[in-house]
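Remember, it's a predicted structure, so these values are computed and weren't measured experimentally. Just so it is clear: chains get the letters A, B, ... in the order the sequence lines come, proteins before strands, and each one is counted from 1.
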Amino acid sequence: MAQVFYFFIFPGLLFASVAGGFLSWFDRKLTARLQFRVGPPMLQPFYDFVKLLAKETIVSSEAAKSLFLMAPVFAVTGACLSCVLIFIPVFGIGNGFQGDLIVIFYLMMVPTISYIIGALASGNPLSNLGASREIKLLIGYEFSMLLVLAAIILKAGNTVSIHDIILLQQQEGAFIGSLSGVLLFIPLMMCVQAKLAFVPFDLADAETEIAGGIFLEFSGLTLALAKLAKYIMMLVLPSFVIVVLLGGFRLDGIHILWSLLKLIGLVLLITLVRNTNPRLTVGQSLRFFFIWMNLIAVVAILLAYAGL
Amino acid sequence: MPEKTIIPVGPYHPLQEEPELFKLYCDGEIVTDIEWETGYNHRGIEKINESKTFEQVFFVVERICGICSTSHPFAYANAMEEIAHVTVPDRAKYIRSIVGELERIHSHLLWVGLAGHFIGYNTVFMWAWKYREPVLDLFEIITGNRNSYAMFKIGGVRRDIEEKDFSTILTILDGLKPKAEMLMNAVIDDPVIHMRTKGKGILTRQDIIDFCAVGPTARASGVDIDIRRDDPYAAYPLVNWKVIVAAEGDIFAKAVVRFLEIFESISIIEQCIEKMRKEKPGDIEVKVKNIPEGDGSGRAEAPRGEVFHYVKSDGSNAPVRHKIRAPSYVNVATFKKSCVGQTITDATLALAAVDPCYCCTERMASVYDARTRNKILDGTGLIRMSQEQTRLIQGRKSKVEGQRSKVEGRRSKVEGRRSKE
Amino acid sequence: MGLTDYCFKKSLWLFHFAGASCNNCDIELLDCLTPRYDVERFGMVLVGSVRHADVLVVSGSINQKCRSRLLTIYEQAPKPLLVIAVGACGCTGGIFAEGNTFAGPVDSIIPVDLYIPGCPPKPEAFLAGIVKLLNK
Amino acid sequence: MMETNEFIELMKFKYKLNVIRTYIRYKNRVLFDLNKDVFFKAATFLYKELNFRFIIATGRDNDKTYEIVYHFSNDQTGLITNLRINIPKNKPEIESLTSLFVAADWIEREMHELLGITFLNHPNMKSLLSGENWKEGVHPYKLESRQAKKP
Amino acid sequence: MSTQNVLHMVIILPVLAGMVLFLIPRQYFYTKGILACLAALINLVFSVLLFGRSSEMINICVGKELIPATSALQAVIAQAESFMMMNSDGLGRLIVLFVGLFTFVICVYSLGYLFSRTRPKHYFSWFMITAGFSNGAVMADHVLLFIFFWGILGLTLYKLVRGHNSLSASAAKKTFILIGASDGIMILGVALIWHLGYPLSMSSMSITTGNALPVAAFICLVIGAFTKAGAFPFHSWVPDYASYAPASSSAFMPASLDKLLGIYFIARLFNQMFILNEWITLVMLIVGVSTIIIGVMMALVQHNYKRLLGYHAVSQVGYMVTGFALGTPLGIAGGLFHMLNNAIYKSGLFLVAGRVERHTGRNMIEDLGGLSKVMPVTFFAAVVFSLAIAGIPPLNGFASKWLIYQGIIEFGKGEGVANQLWIVWLVLAMFGSALTLASFVKFLSGIFLGHLKDVYLTIKDNRFLLCAPQILLAALCIVFGVFAAEWVIPKIIVSVSGEFSYTGVWESATVSLMVALSIILGLLIYVLFVGKKVRIDKPFMLGEQADHRAGFPVAEFYKTISETPFLRFMYKAAEKKYFDIYEVARGAVLGVSKGLSWLHQGILPVYMIWIIAGLLIMLLIVM
């Protein structure tokens, strides 16, 4: 029963969607402010969600119906699971629900894959195009992310346990304090940007090119769930960065404030990048990750070997 | 092998505000051919015009395209004045040029914004449109409406610019300059924008000549044509300015040309105002009694290129044939060249790069509105008019009243905004 | 007013259908998104797919070719759906109603919830219209 | 760069036999009434040798014939040259200009659609605009279809 | 029944059954099939029985008692006794169990699948014989006995590829030549071992790879194993086999049995027969990860879905090689577990491919689409298999890959060169998994999603004989994934690999429970909450009518990737078969023979010159 509570209430579905919703509002609001606009009200993500829940859900006649309808459910599940696995060690909840870095890495892939599968299942040709871009992008950034991951495992002394990594950082200072840590931060943030499908890597759901791409056929409940998964990922990915590079969260005294600031700072960074760049093409993104980000990551790994 | 695959762009696609269907034939992500389907926007304007009087035609040609709503009347006026052998007073020339150049500024800013939107750079979109707003305010000051200005008539203009407005216009333009410069630098210096636009969608000089393309599209490919200089009209021969030409022919060059033209336009307006200040207020129109038989071709340089109007009159009060060639009509055809061989992503940007305006492209068979035959002076009048029509047709009184009060509400809001600024 | 109704009104997503328009209404509609008017503060955003839409904004006169497309799009949108006819042309056919390709104003094809007349309506008029509709 | 008069003389000289009438409206507006047989050569001459730019063509049904006016522009002098050709209604055919420049493609398709004129040697002679706007085979710019329209 | 008898049963019974089936005329196809299924079932039962036994060495030399003790034959038998040793240890019994399982499952499927046109001659006979000899090979302790069984398997493999068309014949030839050549090399390896004076019994062999000769022996043997398993660069028969052989035989041989055997032998080689030195480990790891990456990169651009699966059959081997090369219990467990999992989902995928091919008659992804509407069961199975092979938690592919990753990370704590490069192995192995996912997105969506052509509307997906094997295998995928840590690994794997401790945590059962809960919740929401609000409508094509030419064909998904500068070069080279050892060797042979034929032009003076030149050289050497 405890697991069910962890999964659905705290730090799972409910907590993650509320927190992620606020972060996504923060992102939208900040975007608006950067563009001299007022921006949406604070509860906007929740309005959107509830509205979409109440709307009609349309399934394309070309779709593989069951898969199309279930894909967003998988997305939410994957996002939630990764959230739980990240936060369980953070909150020091002992038993029952654990996973290591590799598991989290794979679970964080699940929402993206679900979107891709859902888009392909929708039977819309334009979604196909979006899905093809998304999966190419996935191939692109996954390699950089893996390098970063490996570097972190290396820095943590060949352990993959989230708990140990946090503990190590709290004892010996966050990984970002070292030169290799700083270098690792760059590709990792770019991967986060790509995973969140924000500009400059939003080519899969580029509205002005392919009219919504992978989400083109989603409507009503399916769209609501897809949005929910996005909200959760908005919490999960920055938290992941914090856990592996920025010293994790600490929940005592003044550290709560620091942890919150880290989270908000990261979202701020994501939003800034998102608002100061145009979208890249598939080839350019692939080149960006394959050449530049991998280069940085490899240099960081070499530095980490040298103990820097 | 499977049949060629098609990526449809349009008709109701967020890339374009107007409906148009482009079928991109693709091989992988590479576009191998393009085909278009038109007619979604066909209104038959040329045909409508034949049932209108010469004066009324102005209101139709204004509505060929909302963005070029000065250029079409401009060209039409040129054509009519050629038939009627009329020379327009200087002050009217200046006013015409001012409106025309303001339109160029607003249209180019609009394009910059939309192009930013298309490449996912929403900040550029928002900023460009924010800086476009003062230009629309200027329009409101000069013509009374933000779009569709109803300024032109045969032999002159309808409204004078008052002395007291000059300083306002100059202040707003002065405020615009640094902002436009900032925006230009932000766009032109951005390395990622370079990646996306440089070397993409190239049109060579020969392509331009083959397709007979005009305007910034041609000028960005090194073809030095500008109707304002080549076939001078209005006040353009009276002021100093230069034609911006770039050689590369890619999307980036088009953006650069448009940006620099904004500054040229600002300078033209300032010079016009200087000259108007020096001269005493005079006539803004010559009365034209009747239009003789004959034909006239009028041209004007719209933001997108040369607008061409060919009017044939048989001596009555209405045109027998009114042919309109908007710049997009020739520019859009160049997609066949600029899109092929690009990836889909670049092709969609290349579609946007010529600043296509399908409304212009598809006006063809003309239509003119019988109900607006009487003198419509400005947009407000039209609003009222259409409200009445709405009421007539719908018989929904309450709604119309709602809209009435809404118009009031809007007015107070405008004032509120003004006072806030 | 139930929760869903409330949320619906707080989060209207617009899909823009440009008929045979002169572009002015479309541009003014886009203007609503931009800093001076910023409809996003009411939770409105412009969406690219009609499947996400709550509001179908129709501008311009409707010609024969648009007509069937408009119907298709209307059917493809998830309900509940509001329809707004923008501009003189959208409301009545306006200046183009006499054209040989004209196929009736919007409300002769699909039910319309809100008319925003004007040639073109100013963004303020658009906002005011939406507010009116929401308070209905 | 040449003066308008020189240009007219040149044109006249070259196509003397077939130029039916010449109008000079302004200093930079010229209109030639050409015979159908010679217009292609004239257009080639304008485009290839004098570097004129094709603007557009206007098609019109003037009750007796179809009248097509080809508008060319010289961007150096601002000169607009109009070539007017009358085509008999019973045999509405004329040489296409697409082999000279691509720009003629659309307008010829459009005239084909609106007036029913056939352009010979056009690579893609199908309708440009309407799709479903009017029925197949109806040419809305013909006088008879205009009169058939509801008032 | 003693273990010895059970052992006899699992080897002799299938072979006997196969022999009997030869006698039944061809027209009684179903009788043959049913008999084969029965035999396979009995075989499976015996395999399970055998699995329950404990490890022992067994002599299968029968008939010793019948011969008088004084007979001279006794001496021969005594000689043969050491030769006929069988080792029923954990690894062997595990493999036998799975051989039994796959034999039965695929036999049932074959019964439903094969129809006269594509039916190879004596299919079931060869099928059963293959099963028997596989069991024999797995159990054999003496290397020569092993080689005997192994060699015959090459022959049966050849017989099973032969289908109806000439392409399958050429694939069969290629397979036969490659496998045969590798068997020859293996015998060379055995000879080397014998030359070195080591005992030829696998269990007592423990060769240190100190100097050149043991290393050469190792390499000879490992080439045999790699060819069988299909590891780079000896993989090239697998895609050809997969494309042209009947799908049921692809599912049987390259997808499951050959993997089991090849990896079985790799396991023996790496962890029992030889003690690998640091450099060999390094080379083996390089072979492992390059197999992963090259196989999957090739799969990515395939248009023929059977060929795509063939390349994946290659790619997955890389994980197992990597796992065993690590040499740690964790790595061995991972490799072993992955071998089982791979056999399950890969043969499942071939079953799916077989069904698709049978119903549509098409091989190319771009000719298909939308089949999920008419083949729901197959589709469901395909989704499970695809996600499993892509390593999506909580399916079995993830569980075993995760073990291998753990192994690599743990391995990284060591001192050697290979250990220090652990990041390379880890990153490439995990990246291979992402690429696998990408190509399975193509496979799934190209075949099952999208627009369904009208010709395929009549397809029925209700044949029990075809559906049941798929569902069984899909269920196994789920069970092996969900209960990996709780049940499968401790019960099945640990006994073979030895005890180990995890460095990471993966609570598959809890997570699976949550996944199940959320799926149920999702279903509930759909059924109760929005059920009435779901509407079916035409796809939104921006206002236009859907055009079926529209859209982005799944088959062309990765064109962008294959066209990037470096990869384009590699793919071009691969297209020209520069990486295909068979083609390279063929080219070399042809080149040499061409040169020789140029020399043998039949002109006497030229020969004379050659002879004199040769004499001169000999003189020089002698002097």
Side-chain angles (χ1 to χ4, degrees), chain A residues 21 25 27-61 63 68 118-119 122-124 126-127 130 202 205-224 226-227, chain C residues 1-18 26-27 29-57 69 71-83 123-124 127 130-131 133-134:
Chain A
W25 164 79
D27 165 60
R28 276 175 72 177
K29 184 81 178 173
L30 200 67
T31 306
R33 298 309 305 174
L34 279 173
Q35 298 169 347
F36 304 116
R37 290 188 290 123
V38 181
M42 199 166 185
L43 291 175
Q44 191 60 44
F46 308 102
Y47 295 145
D48 289 351
F49 180 68
V50 175
K51 175 206 76 177
L52 285 171
L53 276 187
K55 283 210 74 154
E56 192 180 36
T57 306
I58 297 178
V59 183
S60 148
S61 56
F68 175 66
S122 76
N124 191 308
L126 286 168
S127 297
D202 71 331
D205 50 347
E207 286 225 329
T208 46
E209 273 168 43
I210 44 176
I214 46 177
F215 298 116
L216 184 67
E217 281 287 338
F218 286 48
S219 66
L221 187 69
T222 45
L223 186 61
K227 287 264 170 207
Chain C
M1 195 160 62
L3 176 68
T4 50
D5 276 355
Y6 181 74
C7 289
F8 183 72
K9 288 182 177 179
K10 283 283 187 183
S11 152
L12 291 178
W13 292 358
L14 314 176
F15 180 80
H16 176 208
F17 180 97
D26 314 331
I27 294 298
L29 179 65
L30 267 188
D31 225 359
C32 293
L33 302 175
T34 57
R36 189 179 275 183
Y37 305 102
D38 184 29
V39 286
E40 205 193 358
R41 64 201 151 112
F42 305 122
M44 293 179 202
V45 285
L46 202 63
V47 292
S49 163
V50 78
R51 297 276 200 235
H52 309 172
D54 304 306
V55 182
L56 184 61
V57 184
R69 272 69 173 183
L71 271 173
T72 318
I73 291 226
Y74 181 73
E75 271 162 24
Q76 285 180 335
K79 311 294 176 298
L81 178 76
L82 299 174
V83 179
E124 292 97 332
L127 293 186
I130 295 270
V131 170
L133 180 73
L134 294 184

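To the nearest 0.5 Å, the span separating NE2 on C:His52 from CG on A:Leu216 amounts to 6.5 Å. Atom CZ of residue C:Phe8 and atom CG of residue A:Leu52 lie 10.5 Å apart, to the nearest 0.5 angstrom. Distance CZ/A:Phe49 to SG/C:Cys7: 10.5 Å, rounded to 0.5 Å. For the atom pair CD (C:Glu40) and CD (A:Gln35), the distance works out to 8.0 Å, reported to the nearest 0.5 Å.
With a threshold of 4.5 angstrom between heavy atoms, A:Leu43 does not approach chain C through any atom at all. Contact annotation for C:Val45: only side-chain heavy atoms (C-beta onward) come within less than 4.5 Å of a heavy atom of chain A.
For the residue pair C:Asp38 and A:Gly39, the shortest heavy atom distance occurs at OD2-N, 3.0 Å.
The side chain to side chain contact (heavy atoms under 4.5 Å, CB included) with A:Lys51 is formed by just one residue from the set C:Leu3, C:Asp54, C:Thr4; it is C:Asp54.
Cation-pi geometry between A:Lys55 and C:Trp13 is not met: the NZ or CZ atom fails to fall both under 6.0 Å from the ring centre and inside 45° of the normal.
Under the 4.5 Å side-chain criterion, counting only non-hydrogen atoms from C-beta, A:Leu223 is not in contact with C:Arg51.
A:Gln44 contributes no side-chain N or O that, together with a main-chain N or O of C:Arg41, makes up a donor-acceptor pair within less than 3.5 Å.
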